[in-house]
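Heads up: the structure comes next, in structure tokens.
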Amino acid sequence: MKEKTMAYCRAGENCSLALLRAASDQYGFPLSKELIDSCGAVCSGFGIGGICSALVAAIMILGILFEPEEAKKQRLFFLLAFREKFEAMDCPTLSAGKLDCIDLMGDIGALLEETIAKTGFMEKNV
């Protein structure tokens, strides 16, 4: 998912939509117009330098792929791994000193893919 996420970012998609599109491609779930439109409101740290919108999208993807209890469990694993890897969860800290977030978005996509792979999701849903 790393390369797909980065490609969507390069094409001009915001962080949350790039990750959602890459996950949709990877895991085969549809993206509704409403879900796509909602990404316009959560980009750039919600416009106030808040939580990373790719992080929000990743949690949403877990909710799409898994039943509620499993999604909550995977959310925890992902959030802990995210904080350990990036040492922050807010847009300004994560993007500090970067001209763009393309590499960061690729790394987030890869981390999400690793989290999902650990569940055996692809084997269960072939």
Side-chain angles (χ1 to χ4, degrees):
M1 258 185 31
K2 179 175 186 155
E3 293 303 320
K4 289 179 184 186
T5 303
M6 292 171 71
Y8 281 119
C9 285
R10 281 189 203 99
E13 298 289 10
N14 71 41
C15 299
S16 57
L17 187 53
L19 191 60
L20 276 163
R21 285 195 190 281
S24 173
D25 292 349
Q26 180 86 11
Y27 301 108
F29 61 83
L31 293 177
S32 68
K33 179 187 180 323
E34 293 82 6
L35 185 57
I36 292 168
D37 290 349
S38 71
C39 291
V42 297
C43 61
S44 303
F46 290 83
I48 57 168
I51 193 164
C52 170
S53 65
L55 176 57
V56 173
I59 301 304
M60 292 168 59
I61 291 162
L62 293 172
I64 291 168
L65 296 179
F66 297 102
E67 295 296 322
E69 288 308 308
E70 183 65 21
K72 289 176 190 175
K73 186 168 96 175
Q74 294 309 316
R75 172 189 66 193
L76 224 86
F77 291 140
F78 182 76
L79 287 172
L80 291 171
F82 190 99
R83 187 170 44 186
E84 182 178 322
K85 182 173 180 78
F86 301 111
E87 300 179 345
M89 293 183 164
D90 64 290
C91 182
T93 304
L94 290 165
S95 63
K98 294 176 178 54
L99 293 176
D100 61 49
C101 290
I102 293 173
D103 289 333
L104 174 64
M105 292 306 101
D107 290 342
I108 293 171
L111 183 62
L112 179 61
E113 184 175 23
E114 289 170 24
T115 301
I116 294 167
K118 288 178 183 175
T119 70
F121 178 82
M122 291 304 284
E123 293 80 26
K124 295 175 194 171
N125 295 288
V126 182

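A quick note: this is a predicted structure, and the numbers were derived from the prediction, not measured. As a basis for the values below, the full set of heavy atoms in this structure was taken, side chains included, without hydrogen atoms, waters or symmetry mates.
- The CG atom of Asn14 lies 9.5 Å from the CZ atom of Arg21; values are rounded to the nearest 0.5 Å.
- The minimum heavy-atom distance between Phe78 and Leu62, with the atom names listed, is CB-CD1, 4.1 Å.
- Residues that satisfy the salt bridge (Lys or Arg N to Asp or Glu O under 4.0 Å) test with Lys2, not counting sequence neighbours, are Asp107.
- Nearest heavy-atom pair, Ile61 versus Ala23, reported as atom, atom and distance to 0.1 Å: CD1-CB, 3.5 Å.
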request  = Would you check, one step at a time, whether the test side-chain contact (heavy atoms from CB on, under 4.5 Å) holds for Tyr27 with Glu113?
outcome  = CA-CA 10 Å; Tyr27 301 108; Glu113 184 175 23; 3.7 Å; yes
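- Remark: Thr115 OG1 to Leu76 CG distance equals 11.0 Å, nearest 0.5 Å.
- Although no hydrogens or angles enter the test, the distance criterion places a donor-acceptor pair under 3.5 Å between the side chain of Ser24 and the main chain of Phe29.
- In this structure, Leu104 CG and Cys52 SG are separated by 6.0 Å, a value rounded to the nearest 0.5 Å.
- Side-chain heavy atoms closer than 4.5 Å link hydrophobic residues (I, L, V, M, F, W, Y) into clusters, and following such links, even through other members, never connects Tyr8 to Met1.
- Summarising the hydrophobic clusters (Ile, Leu, Val, Met, Phe, Trp, Tyr; side-chain heavy atoms under 4.5 Å, direct or chained), the residues clustered with Met6 are Ile102.
- In this structure, OG on Ser38 lies 7.5 Å from CG on Leu20, to the nearest 0.5 angstrom.
- In this structure the side chain of Arg75 reaches within 4.5 angstrom of the side chain of Leu79, judged on heavy atoms.
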Donor-acceptor pairs under 3.5 angstrom involving side-chain atoms of residues 89-98: please list them, not counting sequence neighbours.
residue	atom	partner	partner atom	Å
Asp90	OD1	Thr93	OG1	3.0
Asp90	OD2	Thr93	N	3.1
Asp90	OD2	Thr93	OG1	2.7
Ser95	OG	Cys91	O	2.7
Lys98	NZ	Leu94	O	2.9

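- Across all non-hydrogen atoms, the minimal contact from Gly109 to Leu19 is CA-CD1, 3.6 Å.
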task = Give the C-alpha distance, both sets of side-chain angles, the deciding distance and a yes or no for side-chain contact (heavy atoms from CB on, under 4.5 Å) between Ile51 and Val56.
result = CA-CA 8 Å; Ile51 193 164; Val56 173; 3.7 Å; yes
key: Full working for side-chain contact (heavy atoms from CB on, under 4.5 Å) between Cys9 and Asp100   = CA-CA 9 Å; Cys9 285; Asp100 61 49; over 6 Å; no
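- Considering CG of Leu65 and CD of Gln74, their distance stands at 10.0 Å, rounded to 0.5 Å.
- When all heavy atoms of Ala71 and Phe66 are compared, the closest pair comes out as N-CB, 3.7 Å.
- Ser16 and Val42 make their closest contact through OG-CG2, 3.4 Å (heavy atoms, listed as atom of the first residue, atom of the second, distance).
- Interatomic distance, OG1 of Thr5 versus CG of Asp103, reported as 12.0 Å (0.5 Å rounding).
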query = Could you walk me through whether Ile36 and Leu17 pass the side-chain contact (heavy atoms from CB on, under 4.5 Å) check?
reply = CA-CA 7 Å; Ile36 292 168; Leu17 187 53; 4.0 Å; yes
